[in-house]
There are 2 protein chains.
Amino acid sequence: MKFAKIPMATIVRLSIYMRALKELLDSDVDVISSERLAKLCGVNPAQIRKDLAYFGEFGVRGVGYRINELVNQIKDILGLNRPWNLAMVGLGNLGSALVRHGNFIKHGYVFTAAFDTDPQKVGKELSNGLIINHVSELEDIVQERDVHVGIIATPPGEAQSVANQLVLAGINGILNFAPVQIQVPDCCHVENVDFTIKLDSIAYHLSFED
Amino acid sequence: MKFAKIPMATIVRLSIYMRALKELLDSDVDVISSERLAKLCGVNPAQIRKDLAYFGEFGVRGVGYRINELVNQIKDILGLNRPWNLAMVGLGNLGSALVRHGNFIKHGYVFTAAFDTDPQKVGKELSNGLIINHVSELEDIVQERDVHVGIIATPPGEAQSVANQLVLAGINGILNFAPVQIQVPDCCHVENVDFTIKLDSIAYHLSFED
DNA sequence: ATAAGTATGTGAGTTTATTCACATTAGTCA
DNA sequence: TGACTAATGTGAATAAACTCACATACTTAT
């Protein structure tokens, strides 16, 4: 599926296009031009065509893109035509809210394990039926339940150690909500979500952009 | 403070540098080289120097950067040497968890208002003492309490309408957790947080990068 | 069947961002 | 005081990303 060196920004945009296209699936239109999609996503139309061109020709000249075909093609490109199993580590406020959050399942991501170190929490059942296990069982359970991606929602001090354990357990993808930079071997891909960094950008714009 | 056209990526990295530097404040070292900081943040040392050079000369040649001075200087650059007031809109799982989350207050962001449309929720008190108001009161309360940034944690269908109301109330900064692209006038700066997009990137890497 | 209209796919040009490499300057030690 | 070391600041080189502009190809209507 991968033909050349693809800009990371392209991959991110493909997700954005797919979100917008999915919204349109229920509507009466079934074809869209790069121009209209670009407006919806806030990007340049040529950008969309270039992004897609890395992977093939998905449009029809003079017509546009058939929405449901394109959704499936982007899914193929991103590797989303299959379920992905998630493990949540850290079931504080944020971790618990994320497990309950409907957006993951909506896009094909399924929580199959949950871990914490707090004895108060271990053994408890989450709203989706998952039982919280102790982090010491992480390696075994991750392998047993075929977890593909680990989500870290622990306090910052524990994030690195959790990451180490995830890597040991054979996990190659981590979504990190802890506000620290975690170090992992090259085989493992980490994405960080830090909303205070986004707030800093907003603060900067409010202070100095006008 | 702003001298030239600054890359957005630079602003984001400054936040990252600051996070790393803050961690070091308690330690015994009080000077750091761009090389060491770069390793901590996973970037190129020259990148750090360039980023800082947009705003002035903060280091000492032959020595490095004094950590606490640099933290303060980055705060000045980003506009963080003052408190910022936040309003949360949408107190479902995620919104409630975010209000309780300690990371905001830690970096100088204070929730001063909370809104929802659910009559079950309006009037309830949050853990930090805030009372949830109805969204219909948004404009008045935002102005009364001097809210600077609105955080949208509503279902996707309501996000645009909430954004419109925030803009009407005079808000120029929005942090959007709803998985839709919201449209606002140029005066308003929007940052999006969409973790399923990050998961898509991970899925792509796990599927095709080796 | 042909012409008109439309929107893709893409090479070339442009802009933006990153990295290199070194001159510069502060500190240290003899 | 002067030579040596270390790490910044920065112009130049490189690399990456984006946008333009148009040739290409599909659809529709006459």
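The analysis underlying the following values was restricted to heavy atoms, covering all of them including side chains, and did not include hydrogens, waters or symmetry mates.
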Main-chain N/O of [Y] paired to [X] side chain as donor or acceptor, under 3.5 Å:
X      : Y      : result
B/E191 : B/I174 : no
A/K198 : B/N192 : yes
B/E69  : B/F58  : no
B/N176 : B/V180 : yes
B/W84  : A/I202 : no

- Under a 4.0 Å heavy-atom cut-off, which of residues 9-27 of chain B touch DNA chain D?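 When residues 9-27 of chain B is checked for heavy atoms under 4.0 Å from DNA chain D, there are no hits whatsoever.
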Rounded distance [0.5 Å steps], [atom1] in [X] versus [atom2] in [Y]:
X      : Y      : atom1 : atom2 : answer
A/L80  : A/N72  : CG    : CG    : 11.0 Å
B/Q143 : B/L168 : CD    : CG    : 9.5 Å
A/M8   : A/R13  : CE    : CZ    : 11.0 Å

For [X], all residues meeting side chain to side chain contact (heavy atoms under 4.5 Å, CB included), sequence neighbours excluded:
X      : result
B/T117 : B/H134, B/V135, B/E158
B/P7   : B/T10, B/Y54
B/S27  : B/L24, B/V29

- Scan nucleotides 25-30 of chain D nucleotide by nucleotide, 5' to 3', and note B when protein non-hydrogen atoms come under 4.0 Å of the base, S if they reach only the sugar-phosphate, - if neither. BBS---
Atom [atom1] of [X] to atom [atom2] of [N]: distance rounded to whole Å?
X     : N      : atom1 : atom2 : value
A/K5  : D/dA17 : NZ    : C1'   : 11 Å
B/M8  : D/dA17 : CE    : P     : 18 Å
A/Y54 : D/dC18 : OH    : P     : 8 Å
B/R36 : D/dA6  : CZ    : P     : 16 Å

Table please: side-chain donor-acceptor pairs of residues 40-49 of chain B below 3.5 Å, with sequence neighbours left out.
{"residue": "B/N44", "atom": "OD1", "partner": "B/A46", "partner atom": "N", "Å": "2.7"}
{"residue": "B/R49", "atom": "NH1", "partner": "B/S34", "partner atom": "OG", "Å": "3.0"}

Using a 3.5 Å cut-off and no angle test, enumerate the donor-acceptor pairs between side-chain atoms of residues 144-154 of chain B and protein atoms at least two apart in sequence or in another chain.
{"residue": "B/R145", "atom": "NH1", "partner": "B/T112", "partner atom": "O", "Å": "2.9"}
{"residue": "B/H148", "atom": "ND1", "partner": "B/N85", "partner atom": "N", "Å": "2.9"}
{"residue": "B/H148", "atom": "NE2", "partner": "B/R82", "partner atom": "NH2", "Å": "3.2"}

- Query: Which is it for B/N164 and B/V162 under the side-chain contact (heavy atoms from CB on, under 4.5 Å) test, yes or no, and what are the steps along the way?
  - Reply: CA-CA 5 Å; B/N164 296 344; B/V162 167; over 6 Å; no
What does the list of N/O pairs under 3.5 Å between the protein and nucleotides 2-5 of chain D look like, with a distance for each?
none

- Message: Around atom NZ of B/K75, are there more than 12 heavy atoms from other residues, nucleotides or ligands closer than 6.0 Å?
- Response: no
- Message: With a sphere of 6.0 Å drawn around CD of B/E137, does it hold more than 12 non-hydrogen atoms of other residues, nucleotides or ligands?
- Response: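 Yes, CD of B/E137 has more than 12 neighbouring heavy atoms, counting only those of other groups under 6.0 Å.
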Distance-only donor-acceptor pairs under 3.5 Å for side chains of residues 92-109 of chain A, two or more places apart:
{"residue": "A/N93", "atom": "OD1", "partner": "B/R100", "partner atom": "NH1", "Å": "3.2"}
{"residue": "A/S96", "atom": "OG", "partner": "A/L91", "partner atom": "O", "Å": "2.9"}
{"residue": "A/S96", "atom": "OG", "partner": "A/G92", "partner atom": "O", "Å": "2.7"}
{"residue": "A/R100", "atom": "NE", "partner": "A/S96", "partner atom": "O", "Å": "3.4"}
{"residue": "A/R100", "atom": "NH1", "partner": "B/N93", "partner atom": "OD1", "Å": "3.2"}
{"residue": "A/H107", "atom": "ND1", "partner": "A/N103", "partner atom": "O", "Å": "3.1"}
{"residue": "A/Y109", "atom": "OH", "partner": "B/L199", "partner atom": "O", "Å": "3.3"}
{"residue": "A/Y109", "atom": "OH", "partner": "B/D200", "partner atom": "N", "Å": "3.2"}
{"residue": "A/Y109", "atom": "OH", "partner": "B/D200", "partner atom": "OD1", "Å": "2.6"}

- Looking only at side-chain N and O atoms, does B/S34 come under 4.0 Å of OP1 or OP2 in D/dA7? no
- Note, A/Y65 side chain near A/L52 side chain (heavy atom, < 4.5 Å): yes
- What residues 37-49 of chain A contributes to the DNA chain C interface at heavy-atom separation below 4.0 Å is A/R49
- Task: Would you work out how much the helix from C/dA1-D/dT30 to C/dA30-D/dT1 bends between its ends, with each end axis defined by five base pairs, to 10 degrees?
- Result: 0°
- Covered region of DNA chain C, 5' end to 3' end, by chain A [heavy atoms, under 4.0 Å]: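 Answer, 5' to 3': C/dT6 to C/dA12.
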